[in-house]
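Only one structure is covered here, and it is reproduced in the block below.
If you're wondering where the values come from, they're calculated on a predicted model, not measured in any experiment. Side-chain atoms are counted along with the backbone in the values below, which use heavy atoms only and exclude waters and symmetry mates. Letters A, B, ... are given to chains in the order of the sequence lines, protein chains preceding strands, and every chain is numbered from 1.
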2 protein chains.
Amino acid sequence: MTQTIVESKTKTAVIGFDQPFCVIGERINPTGRKKLAAELEAGDFSTVEKDAVAQVLAGATVLDINAGVVYNSNPNPNETEPPLMKKIVELVQGLVDVPLCIDSSVPGALEAGLEVAEGRPLLNSVTGEEERLEEILPLVKKYNVPVVAISNDDTGISEDPDVRFAVAKKIVERAADFGIPAHDIVVDPLVMPVGAMATAGLQVFALVRRLREELGVNTTCGASNISFGLPNRHGINNAFLPMAMGAGMTSAIMNPVALPIGPKKIAEKRAEVEASGIILPADMDDEAFCQMFGLGSTKPKAGKEMEAIRAANFLTNNDPHGGDWIKFNKPPAAAGEEGRGRGGRAGGRRRRA
Amino acid sequence: MTQTIVESKTKTAVIGFDQPFCVIGERINPTGRKKLAAELEAGDFSTVEKDAVAQVLAGATVLDINAGVVYNSNPNPNETEPPLMKKIVELVQGLVDVPLCIDSSVPGALEAGLEVAEGRPLLNSVTGEEERLEEILPLVKKYNVPVVAISNDDTGISEDPDVRFAVAKKIVERAADFGIPAHDIVVDPLVMPVGAMATAGLQVFALVRRLREELGVNTTCGASNISFGLPNRHGINNAFLPMAMGAGMTSAIMNPVALPIGPKKIAEKRAEVEASGIILPADMDDEAFCQMFGLGSTKPKAGKEMEAIRAANFLTNNDPHGGDWIKFNKPPAAAGEEGRGRGGRAGGRRRRA
């Protein structure tokens, strides 16, 4: 059975067909987060610290570390990313003991991360582009780490899944030339938005199956891409992840944390409550208010995607007898309710027991 | 492409690999519902009427009709079920115009339902039991209707999926002897509870794939059986349905309706609210209270399973470009939010667009 071993100083995460799904937390990434980039430029790492802890609490087994900033003071990432990557890796592994995924398009930043990461991090990523293969595979070999292989090449991202499979195969073969085994390649078959390409889901499911059966490799993806541009993105993601797992997907780079309720939503609800004639106690703080009125919590918690993944782990027999499922949900219903279920309403159809 | 055609007086439901998932509403079934059975014995059909309308509103495309009562006044179902089946079928098809699924273990009740059902109902069910085959297949042929075939036989329900496949194959072959085509057989491969059998999910996914590839038949199941006895059953069901659909399952017999908030839960929340020092307006009724405090609604609505099914329809390209998904969810986010997504946080990972 293919197993990709990723390690922190003391913890091991195994990516594999017979393992619970590996959730790689994507939050530590300033790309497209202007506020975070500005904080980092100013030497403020508080958001990184919060994101690290929240993701691990939500169930991430690996944390992706991306230091892709463009500083106002220095627009050259080749100069700014390597020291920032080093700083963030050291900070995060001082805070939480989970394996890391060193993520950059700047080779110098990848090497900086590899130098300071404890254990055996995952490298993110190599592609089928010639220049990238020649730059990254020697690093993978030198540091003896597994690597994410994204199935695009010098011609770009093909809409043809056969071409994406061929690119993945080429990367696996090229890695073999460097002495890197297939079980250290985690292929990202590239998830397209289903709103833009109607076959996006079917393509991924077929590709994952083929990558597993023909190349014997583990797979990952940027899971939320599937729902890009659509309403109720979580609804799509919550179905996509179990379906991908059913097809054989073994990990995803994703956000395991549900965004906490923000001040705007709280203010709106407070206005609605006031308009209805309800009188609140003077000392009711935002957290108590949110809990009482069913808004959820002002604190981060695991997203619904994590529930979908835990259920799919159970259904693929990677949580035998549901130990993890039961731990993360309320205890089984009391005998009375159980009995009612058996009768057929909640317990399914009669004649089947 | 295999297509099973089910019809009401004017509407057609097509079960097929290239069709949206067929949701067969299971609520009209007094088995294990003592209160409902007593109502029916007293000639009160109000629950049946409510269940029919609520299920269609929630998205059921076919309604299962089961009249499996044991009256206090007459314990013989061979006498009581046929007239009750007739009565309920006539009542329901006068209320809602969706195809019906005539469901009974009493052959006389099946024939009574077939006699009065308009269009082309689905018959539920035949098994691999010799007596049942000889009783039911002639009915299927006589009325030219499709039939649910449950993969158990005179030896019971096998835990071995190969045996269950063999039973399904036997039923399809026996049906062929009667001149009934495979596309009129909808096989139920039997879903075991994953809490009791760790391989239950994997078994169903493999069986559905095989039934589709080797026998070319549509499939159905009592979907909620998968989560029997477990905490947070909806969480399991919501992952199971998309995974089964990804494997090729084309319909399920299930409850599409989320149970409305009951008086007990409302009373508990009112007590909690009162204890917190909140003062409610005197005229706040239960529905307004539930909405305000995030309990949901006192009225039935579509369950989360329907969201999972709609998402999986989209992801299997059976809702091309998401017309149905978009209709049942809020309209796409405004331009500002969309732009934020594109930056990478909500829109997925960079370097991928």
Side-chain angles (χ1 to χ4, degrees), chain A residues 26 29 31-33 105 190 194-195 198-199 201-202 205 222 224-225 228-232 235-236 238-240 242-243 246-247 253 276-281 292-295 307-308 311-312 314-317 320-322 326 329-332 338 341 343-352, chain B residues 26 29 31-33 105 190 194-195 198-199 201-202 205 222 224-225 228-232 235-236 238-240 242-243 246-247 253 276-281 292-295 307-308 311-312 314-317 320-322 325-326 329-332 338 341 343-345 347-352:
Chain A
E26 71 178 8
N29 185 341
T31 315
R33 295 173 83 184
S105 51
L190 284 163
V194 70
T199 56
L202 292 178
F205 308 145
S224 68
N225 276 0
F228 179 74
L230 290 168
N232 188 7
I236 301 278
N238 294 346
F240 173 74
M243 293 174 90
I253 301 177
S276 76
I278 291 173
I279 300 166
L280 297 178
M292 183 58 74
F293 286 87
L295 289 188
E307 178 177 292
F314 196 177
L315 292 167
T316 52
N317 198 15
H321 308 296
I326 290 163
N329 287 284
K330 66 176 198 291
E338 197 74 15
R345 289 329 310 153
R349 305 166 70 198
R350 67 177 171 76
R351 282 183 284 138
R352 307 263 162 137
Chain B
E26 71 177 7
N29 185 342
T31 316
R33 293 173 83 183
S105 51
L190 286 163
V194 70
T199 58
L202 291 178
F205 308 145
S224 67
N225 277 359
F228 179 73
L230 291 168
N232 187 7
I236 301 277
N238 294 347
F240 173 73
M243 293 174 90
I253 301 178
S276 77
I278 290 172
I279 300 166
L280 297 178
M292 183 58 74
F293 286 88
L295 289 188
E307 177 177 292
F314 196 177
L315 292 167
T316 52
N317 198 15
H321 308 296
W325 179 258
I326 290 164
N329 286 283
K330 68 175 197 292
E338 196 73 14
R345 290 327 310 154
R349 305 164 70 196
R350 68 176 169 77
R351 282 185 283 141
R352 305 263 162 137

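Of the listed residues (Pro242(A), Gly322(A), Ala311(A)), the one with the most heavy-atom contacts under 4.5 Å to chain B is Pro242(A). Per-residue counts of heavy-atom pairs under 4.5 Å with chain B were compared for Ala239(A), Ala312(A), Gly294(A); the largest is that of Ala239(A). Chain A forms more heavy-atom pairs under 4.5 Å with one residue of Gly195(B), Ala198(B), Gly246(B), Pro320(B) than with any other, namely Ala198(B). The candidate with the highest count of non-hydrogen atom pairs below 4.5 Å against chain B, out of Leu280(A), Leu295(A), Ile279(A), is Ile279(A).
Distance check: Phe314(B) CZ to Ile236(A) CD1 gives 5.0 Å after rounding to the nearest 0.5 Å. For the atom pair CG (Leu315(A)) and CZ (Phe205(B)), the distance works out to 5.0 Å, reported to the nearest 0.5 Å.
With a threshold of 4.5 angstrom between heavy atoms, Ala308(A) approaches chain B through N, CA, C or O but not through any side-chain atom.
A pairwise comparison of heavy atoms in Met292(A) and Ser276(B) identifies CE-CB, 3.5 Å as the closest pair.
Checked by atom type, the side-chain pair Asn238(A)/Glu307(B) shows no donor-acceptor distance below 3.5 Å.
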